[in-house]
Chemist: 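Before we start, here is the structure in question, set down as structure tokens.
As the structure is a computational prediction, the values presented were derived from the model and not from experiment. The residues of the chain are indexed from 1 along the displayed sequence.
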Amino acid sequence: MKIAICESSDIDGQYLQTLLKEYSTELYSSAEKLLYDVENGMKYDLYLLDIYLGSMNGIELAKRLREQDGEAAICFISSSDAFYREAYDLYAIQYLLKPVRQETLLELIERVENQRPRTLDPALHFKWRGKLGSIAYNKILFVSSQEHKLSIYCNDGTIQECMGKMSEMAEQICGDTFLRVHQSYLVNRNYVDSLSGSEIIVAGHNIPVSRRYAAEVKKQYQKLLFVENP
């Protein structure tokens with residue numbers, strides 16, 4: 001589970017990260033920075049938002065996040081319950097008062113996990129020209145990057161572009177399905193044809209393999225070759 005913490009207090013933010021040390025967390029000190037990342041393709045499973053954030057408070061931030069991700073799990077954390085009504089109107093999953101106990105946070109995470117949709121076809125989520133979209137993993141051949149533009153090559157011959165960083169895309173999707181082979185390329189291992197020298201062939205496309213990733217790519221390719229038949 002990926003969790004975004006947006007806290008005006010460094011001490012409070014670091015305290016929350018300590019309580020959630022078993023999870024992947026990202027700490028933001030401003031609403032604007034979190035919103036910028038989300039608008040550019042970053043996606044979190046849970047948002048822990050301080051109410052008092054400065055020029056944009058937690059309530060306004062939550063409204064903006066809802067525009068980007070209508071299913072976002074949002075929890076407000078505040079020293080006051082003055083905004084409880086607004087939080088309720090935004091369908092916040094919980095409203096916690098400081099100081100927060102670890103047991104309470106873990107119960108919250110369990111609720112979020114139980115409410116997350118179970119799907120056999122995970123999808124890559126993206127934003128392009130102000131619109132949100134998604135592509136099922138099993139339709140993606142590979143992803144390439146040039147500067148801050150990503151190109152998603154699909155098995156039907158289409159190419160979907162979106163703005164973002166390859167490092168953030170890799171963090172989002174690399175794992176059982178996707179493999180980083182180059183600073184500018186991620187490939188779907190289910191479409192790998194062969195590995196030859198410094199290139200990997202994906203559905204007929206020649207993709208470069210950099211020295212940095214060569215050892216891991218070779219290791220994963222060998223796993224594909226010798227996977228046991230069911």
Chemist: Calculate, to the nearest 0.5 Å, the distance between atoms CD and CG belonging to Glu110 and Leu106 respectively.
Modeler: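 Rounded to the nearest 0.5 Å, the CD-CG separation comes out at 9.0 Å.
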
Chemist: Can you give me every donor-acceptor pair (side chain of residues 153-167, partner residue at least two apart or in another chain, under 3.5 Å) with its distance?
Modeler:
| residue | atom | partner | partner atom | Å |
| --- | --- | --- | --- | --- |
| Asn155 | ND2 | Asn138 | O | 3.4 |
| Asn155 | ND2 | Tyr191 | OH | 2.8 |
| Asp156 | OD1 | Thr158 | N | 3.1 |
| Asp156 | OD1 | Thr158 | OG1 | 2.6 |
| Glu161 | OE2 | Lys149 | NZ | 3.2 |

Chemist: Indicate yes or no: at least one non-hydrogen side-chain atom of Met56 is less than 4.5 angstrom from one of Glu32.
Modeler: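 Side-chain contact under 4.5 Å: yes.
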
Chemist: With sequence neighbours excluded, tell me which residues meet side-chain contact (heavy atoms from CB on, under 4.5 Å) with Ser80.
Modeler: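 If we apply the side-chain contact (heavy atoms from CB on, under 4.5 Å) test to Ser80, skipping adjacent residues, the hits are Tyr52, Ser78, Ala82.
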
Chemist: Checking the side chain of Asp45 only, and the main-chain atoms of Ala73 only, is there a donor and an acceptor separated by less than 3.5 Å?
Modeler: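 The answer is no, because no donor-acceptor pair under 3.5 Å joins these two groups.
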
Chemist: Determine, stepwise, if the pair Gln94 / Thr104 fulfils side chain to side chain contact (heavy atoms under 4.5 Å, CB included).
Modeler: CA-CA 10 Å; Gln94 201 159 344; Thr104 304; 4.0 Å; yes

Chemist: Kindly indicate whether the side chain of Gln17, heavy atoms from C-beta on, has any atom under 4.5 Å from the side chain of Ile5.
Modeler: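 The answer is yes, as the side chains (C-beta and beyond) meet within the 4.5 Å cut-off.
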
Chemist: Please determine whether side chain to side chain contact (heavy atoms under 4.5 Å, CB included) holds for the pair Leu48 and Leu108, giving the CA-CA distance in whole Å, both sets of side-chain angles, and the decisive distance to 0.1 Å.
Modeler: CA-CA 11 Å; Leu48 301 178; Leu108 168 65; 3.9 Å; yes

Chemist: As an exercise, state the distance from OG1 of Thr25 to CG of Leu16, rounded to the nearest 0.5 Å.
Modeler: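 Thr25 OG1 to Leu16 CG: 9.0 Å, rounded to 0.5 Å.
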
Chemist: How far does CG of Leu34 sit from OG of Ser29, to the nearest 0.5 angstrom?
Modeler: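 If we round to the nearest 0.5 Å, Leu34:CG and Ser29:OG are 10.5 Å apart.
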
Chemist: Distance check, rounded to the nearest 0.5 Å: Cys6 atom SG versus Leu49 atom CG?
Modeler: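 It comes to 6.0 Å.
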
Chemist: Test of understanding: with side-chain contact (heavy atoms from CB on, under 4.5 Å), list the residues that count as partners of Ser24, not counting sequence neighbours.
Modeler: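 Once residues adjacent in sequence are excluded, the partners of Ser24 under the side-chain contact (heavy atoms from CB on, under 4.5 Å) criterion are Lys2, Glu171.
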
Chemist: Do Tyr47 and Val38 make a side-chain contact, defined as non-hydrogen atoms from C-beta onward lying under 4.5 Å apart?
Modeler: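 Tyr47 reaches Val38 side chain to side chain.
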
Chemist: My understanding is that only one of Ile173, Leu124, Val187 makes a side chain to side chain contact (heavy atoms under 4.5 Å, CB included) with Phe178; could you say which?
Modeler: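 Among Ile173, Leu124, Val187, the one that satisfies the side chain to side chain contact (heavy atoms under 4.5 Å, CB included) with Phe178 is Ile173.
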
Chemist: Which atoms form the tightest heavy-atom contact between Ala31 and Leu53, and what is the distance?
Modeler: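 Here Ala31 and Leu53 meet closest at CB-CD1, 4.0 Å.
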
Chemist: Quick one: list whatever passes side-chain contact (heavy atoms from CB on, under 4.5 Å) with Lys21, sequence neighbours left out.
Modeler: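 Applying side-chain contact (heavy atoms from CB on, under 4.5 Å) to Lys21 gives none.
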
Chemist: With sequence neighbours left out, write down each residue that passes salt bridge (Lys or Arg N to Asp or Glu O under 4.0 Å) with Arg101, or none if nothing qualifies.
Modeler: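 For Arg101 the salt bridge (Lys or Arg N to Asp or Glu O under 4.0 Å) partners, ignoring immediate neighbours, are Glu103.
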
Chemist: Shortest non-hydrogen contact from Phe76 to Ala62?
Modeler: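 Heavy atoms only, the tightest pair is CZ-CB, 3.5 Å.
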
Chemist: Which atoms form the tightest heavy-atom contact between Gln14 and Leu27, and what is the distance?
Modeler: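 Looking at all heavy atoms of both residues, the shortest contact is N-CD2, 4.1 Å.
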
Chemist: How would you list, by chain and number, every residue that makes a ring-ring contact (aromatic ring centres under 6.0 Å, His included) with His205, sequence neighbours excluded?
Modeler: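 Partners of His205 under the ring-ring contact (aromatic ring centres under 6.0 Å, His included) test: Phe142.
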
Chemist: If the condition is side-chain contact (heavy atoms from CB on, under 4.5 Å), which residues does Tyr213 pass it with, not counting sequence neighbours?
Modeler: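 Once residues adjacent in sequence are excluded, the partners of Tyr213 under the side-chain contact (heavy atoms from CB on, under 4.5 Å) criterion are Arg180, Ser210, Val217.
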
Chemist: Treat each ILVMFWY residue as a node, draw an edge where side-chain heavy atoms are under 4.5 Å apart, and state whether Ile201 and Leu179 are in one component.
Modeler: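 Shared cluster, no.
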
Chemist: Of all residues at least two apart in sequence or in a different chain, which pass the ring-ring contact (aromatic ring centres under 6.0 Å, His included) check with Tyr95?
Modeler: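 For Tyr95 the ring-ring contact (aromatic ring centres under 6.0 Å, His included) partners, ignoring immediate neighbours, are Tyr84.
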
Chemist: Who pairs with Lys33 by salt bridge (Lys or Arg N to Asp or Glu O under 4.0 Å), at least two apart in sequence or on another chain?
Modeler: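 Only Asp37 meet the salt bridge (Lys or Arg N to Asp or Glu O under 4.0 Å) criterion with Lys33.
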
Chemist: Taking all non-hydrogen atoms of both residues, which atom of Tyr44 and which atom of Met42 are closest, and how far apart?
Modeler: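 Closest approach of Tyr44 to Met42: CE1-CG, 3.3 Å.
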
Chemist: Check the surroundings of atom CD in Glu216: do more than 12 heavy atoms from other residues, nucleotides or ligands lie under 6.0 Å from it?
Modeler: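 Atom CD in Glu216 is crowded, with more than 12 foreign heavy atoms closer than 6.0 Å.
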
Chemist: Supply the atom-to-atom distance Leu105 CG to Leu19 CG, rounded to the nearest 0.5 angstrom.
Modeler: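 That separation rounds to 5.5 Å.
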
Chemist: Could you grab the distance from atom CG of Leu35 to atom NZ of Lys63, nearest 0.5 Å is fine?
Modeler: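 These two atoms lie 13.5 Å from each other.
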
Chemist: Hey, mind stepping through Ser9 and Asp50 against side chain to side chain contact (heavy atoms under 4.5 Å, CB included) and telling me if it holds?
Modeler: CA-CA 9 Å; Ser9 165; Asp50 186 12; 5.7 Å; no

Chemist: Answer yes or no: is there a side-chain heavy-atom contact under 4.5 Å between Ile77 and Asp12?
Modeler: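 No; the side chains remain at least 4.5 Å from each other.
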
Chemist: Please enumerate all residues that pass ring-ring contact (aromatic ring centres under 6.0 Å, His included) together with Tyr36, with sequence neighbours excluded.
Modeler: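 Counting only residues at least two positions away or on another chain, Tyr36 forms no ring-ring contact (aromatic ring centres under 6.0 Å, His included).
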
Chemist: Can you list everything that forms a salt bridge (Lys or Arg N to Asp or Glu O under 4.0 Å) with Arg64? Sequence neighbours excluded, please.
Modeler: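 Salt bridge (Lys or Arg N to Asp or Glu O under 4.0 Å) list for Arg64, sorted by chain: Glu39.
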
Chemist: Are Leu46 and Tyr23 close enough, and set up right, to give a side chain to side chain contact (heavy atoms under 4.5 Å, CB included), and what steps lead you there?
Modeler: CA-CA 11 Å; Leu46 173 63; Tyr23 296 88; over 6 Å; no

Chemist: Looking only at heavy atoms, which two atoms of Tyr221 and Asp193 are closest? And how far apart?
Modeler: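 Looking at all heavy atoms of both residues, the shortest contact is OH-O, 3.9 Å.
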
Chemist: Grab the two heavy atoms, one from Ser144 and one from Tyr185, that are nearest each other, plus how far apart they are.
Modeler: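 Nearest heavy atoms, Ser144 then Tyr185: CB-CE2, 3.5 Å.
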
Chemist: Going by the rule side chain to side chain donor-acceptor pair (under 3.5 Å), which residues pair with Asn190 if we only count those two or more places apart in sequence or in a different chain?
Modeler: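 For Asn190 the side chain to side chain donor-acceptor pair (under 3.5 Å) partners, ignoring immediate neighbours, are Asn188.
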
